[in-house]
Protein chains: 2
Amino acid sequence: MYQVAERAGVSIATVSRALRDDPKVAPSTRQRVLTAAEELSGHDEEAARRRPGVSPRRRPTVYQVAERAGVSIATVSRALRDDPRVTASTRQRVLTAAEELNWWPSRAAQALAGEAHGAVAIVFPDLTGPYYAGVIAGFESEVVHRGSAVMVLATHGRSASEQLVRDLSTRIDGVVIMDQTIPDSTVEDVAADVSVIMLARPALPGVAAVHSENTNTAIALTRHLFGHGLRKLRFLGDLDLTPDVRQRWAGFVAAHVAEDLPAPTEPVPCGGFELENGYRAALELLENEDVDALVCANDELASGVYLAAAELGINVPTDLAVTGWDDIDIAGHLAPRLTTVRQPVRELGAAAARLLFERIASREVTDELIATEVVIRESCGCQPDSSA
Amino acid sequence: MYQVAERAGVSIATVSRALRDDPKVAPSTRQRVLTAAEELSGHDEEAARRRPGVSPRRRPTVYQVAERAGVSIATVSRALRDDPRVTASTRQRVLTAAEELNWWPSRAAQALAGEAHGAVAIVFPDLTGPYYAGVIAGFESEVVHRGSAVMVLATHGRSASEQLVRDLSTRIDGVVIMDQTIPDSTVEDVAADVSVIMLARPALPGVAAVHSENTNTAIALTRHLFGHGLRKLRFLGDLDLTPDVRQRWAGFVAAHVAEDLPAPTEPVPCGGFELENGYRAALELLENEDVDALVCANDELASGVYLAAAELGINVPTDLAVTGWDDIDIAGHLAPRLTTVRQPVRELGAAAARLLFERIASREVTDELIATEVVIRESCGCQPDSSA
DNA sequence: TTGAAAGCGCTAACAT
DNA sequence: ATGTTAGCGCTTTCAA
């Protein structure tokens, strides 16, 4: 039957119907089936396969494997998933046949048939700088370790991303959504179909979140600067880009309040998180204003500040203290070495992945907070020896 | 009919067969269909939907949209792809219904039905350092721009990756394979099913490649060092990790030959491409050997050399010239500023994506070579003013 | 322990 | 211009 089906280019179900004169089978189809059946009595399988007009080499399917192993497709399917009902010898025949045909199951078909997609995605704003690369590396690593495939989507602030995310959701089991990439309403839609975890973004009803500690660490960092006697502090970074930065700013403000100091001036805008942004923003600021310390939203911005300061003949840290955030690789190699906050970026991605799989297994999940720590080096004014 | 099918929990095909007494329909199924049909004469749609036992809210399908719009599923499918045969008013009804039900097509189902997957993948060794992040960013950007989804797979040297790649290939239209991630034999298997492009890896029959210029640029760079009167040059980097590095080494050697100098000593091994690797390798080398210049396989290794030199009291560039490769962001900000080779990493990824889509459209594709250029700064011994 | 066949949500050939 | 239905390659009842 399988051979006839293959030869006629129809499913075995159709062959079956055609042979019984089922009215649902179109006459032309029935004819093809009958012809194929007839022809097969005179030709062997190989001849049929080499027959001109038959598409050259297409992916084999369960049907071919079943035929070769002399079993039904159901058995092939069972053998593949180590179903205990299949005898060892049968399983072996199936596996051998699969091997010989170089066959492996189609994920698209498995997904349609109700199995999981075996894929998850992560949505982030951009792939610039070591931060996102680190998060994605941690995510990818944890996901692949669990046997799933990884899809990535950078939104770049495009609003078309909403539709892309919906589309994504039809081919994955779950997705991690970072920062301000797509609106909550879309997240809710998607969460109705697949598991969702927020990363560095507030949780929603039914959508848990992974965060790293920002506010308290920012308070500690700011206090440390106060301890150096510094009072004219400015925060450098854009609040509208990520919730993380808003929390760092909140901690910065809270530290002022706790110290009974006047509220700090608004953050210095820089239009992005890259070195260039910090360089330009600092250049303009330092030329016009007397500042004791710059608390930067991340390490790249701080590196930019270093350049601007050097250009203006301002010494770091004696004239100006500078702090970063993230503790990227070069932070400890800059001159002076950068005082910053260590954030386990890979772990952020990995934690999000773990929570996502928990959620996919429909287990309870609760928000997770990743600890961060202030790393004192010399850019804050500390001496090399005191804290190396 | 659609309502009956929904109520009975079967496909419309089955309803049709059941009503015609098709023997292929199990008696129990037929009974369910008949019951559903009967019940429906007494209840309206809403009542049926609220009926207990019916699963709460599942993704809507074409069937629901078709029913709501009062058309067949074929029309829904056509309307969605702007088929000119569908009248404007009908299309509008369909789109409205889809909107109201918050429906969008399942990619898994579309793929199974023969459409493209609308997804492509990139396979790379690791997500460490700015190089791979840049390539992937360029790739992602170009792919999303063309409306496809992006899958990523880091192989980390795992051999299990072969199976992962095969699995990947059942849900994508094409894939870019970088470096020494998976064996050629697997690439060939995969290429039989989907389009493949090599990136920074030799082409195969039927598999085109994207490369960046290495050998010639390495020759130019090495010659520049010879021009400074330097003769005891060493190459720092592992040849077994990527074809790119082998080509850089080849250029390094060729430059010696062209200058009638003795062939250079074997490359200094460092076990990786990160700052730490360069630091450790240089520390050991410089303590034991007199070297004029270190030509590093990338900028991170060069940064590591800077650290080792500083620790040993060796001045760069007066005691030791150092060059990198890639021209990552910080290269121009190190002290002394790093002489290196500029490589448009994002463009590498983007070019691979473009070639891949050409291939998917089954157009002819030929290998592509991306130009690189030597960037002279001060770490080679040049004066700041002469080339800033 | 195995097989037959229904169904997953679509597309497209075929029939009006 | 629209509807019917086979089929994509699987999984999973249901029967035997």
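Residue numbers begin at 1 in each chain, while the letters A, B, ... track the order of the sequences.
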J.: Give, ordered by number, those residues of residues 165-173 of chain B having at least one heavy-atom distance below 4.0 Å to an atom of DNA chain D; if nothing qualifies, reply none.
T.: none
J.: B:Ser161: what forms a side chain to side chain contact (heavy atoms under 4.5 Å, CB included) with it, not counting sequence neighbours?
T.: B:Thr155, B:Arg158, B:Ile182
J.: Among all residues two or more places apart in sequence or in another chain, which pass the side chain to side chain contact (heavy atoms under 4.5 Å, CB included) test with A:Gln163?
T.: A:Arg166, B:Trp104
J.: Whether A:Thr75 contacts C:dG3 is assessed here as follows: a side-chain N or O lying under 4.0 Å from the phosphate OP1 or OP2. Is that the case?
T.: yes
J.: Under the salt bridge (Lys or Arg N to Asp or Glu O under 4.0 Å) definition, can you give me all pairs with a residue in residues 144-153 of chain B, not counting sequence neighbours?
T.: B:Glu142-B:Arg146
J.: The criterion is side chain to side chain contact (heavy atoms under 4.5 Å, CB included); which residues satisfy it with B:Leu95, sequence neighbours excluded?
T.: B:Leu80, B:Arg91, B:Gln92
J.: If you take atom types as modelled and just measure distance, does the side chain of A:Arg78 reach the base of D:dT13 with a donor-acceptor pair under 3.5 Å?
T.: yes
J.: On DNA chain D, compare the nucleotides closest to A:Ala74 and A:Thr61; which residue's is nearer the 5' end?
T.: A:Thr61
J.: Mind checking side chain to side chain contact (heavy atoms under 4.5 Å, CB included) for A:Ala121 and listing every partner two or more places apart, or none if nothing turns up?
T.: A:Met151, A:Leu168, A:Ile172, A:Val175
J.: Below the 4.0 Å mark, does D:dC10 have OP1 or OP2 next to a side-chain nitrogen or oxygen of A:Trp103?
T.: yes
J.: Identify all side-chain donor-acceptor contacts of residues 108-116 of chain A below 3.5 Å with residues at least two apart in sequence or on another chain.
T.:
residue  : atom : partner : partner atom : Å
A:Glu115 : OE2  : A:Arg81 : NH1          : 2.6

J.: Taking B:Ala69's backbone N and O only, do any of them form a donor-acceptor pair with B:Arg93's side chain (distance below 3.5 Å, no angle check)?
T.: yes
J.: Report the residues that fulfil side-chain hydrogen bond (donor to acceptor under 3.5 Å, both in side chains) with A:Asp173, sequence neighbours left out, ordered by chain and then residue number.
T.: none
J.: Can you list, by residue number, the residues of residues 108-118 of chain A that have a non-hydrogen atom closer than 4.0 angstrom to DNA chain C?
T.: A:Leu112, A:Ala113
J.: Does a distance-only test, which skips hydrogens and angles, find a donor-acceptor pair under 3.5 Å between the side chain of A:Arg107 and the base of D:dG9?
T.: no
J.: Can you tell me whether the side chain of A:Tyr63 and the base of D:dC8 have a donor-acceptor pair closer than 3.5 Å?
T.: no
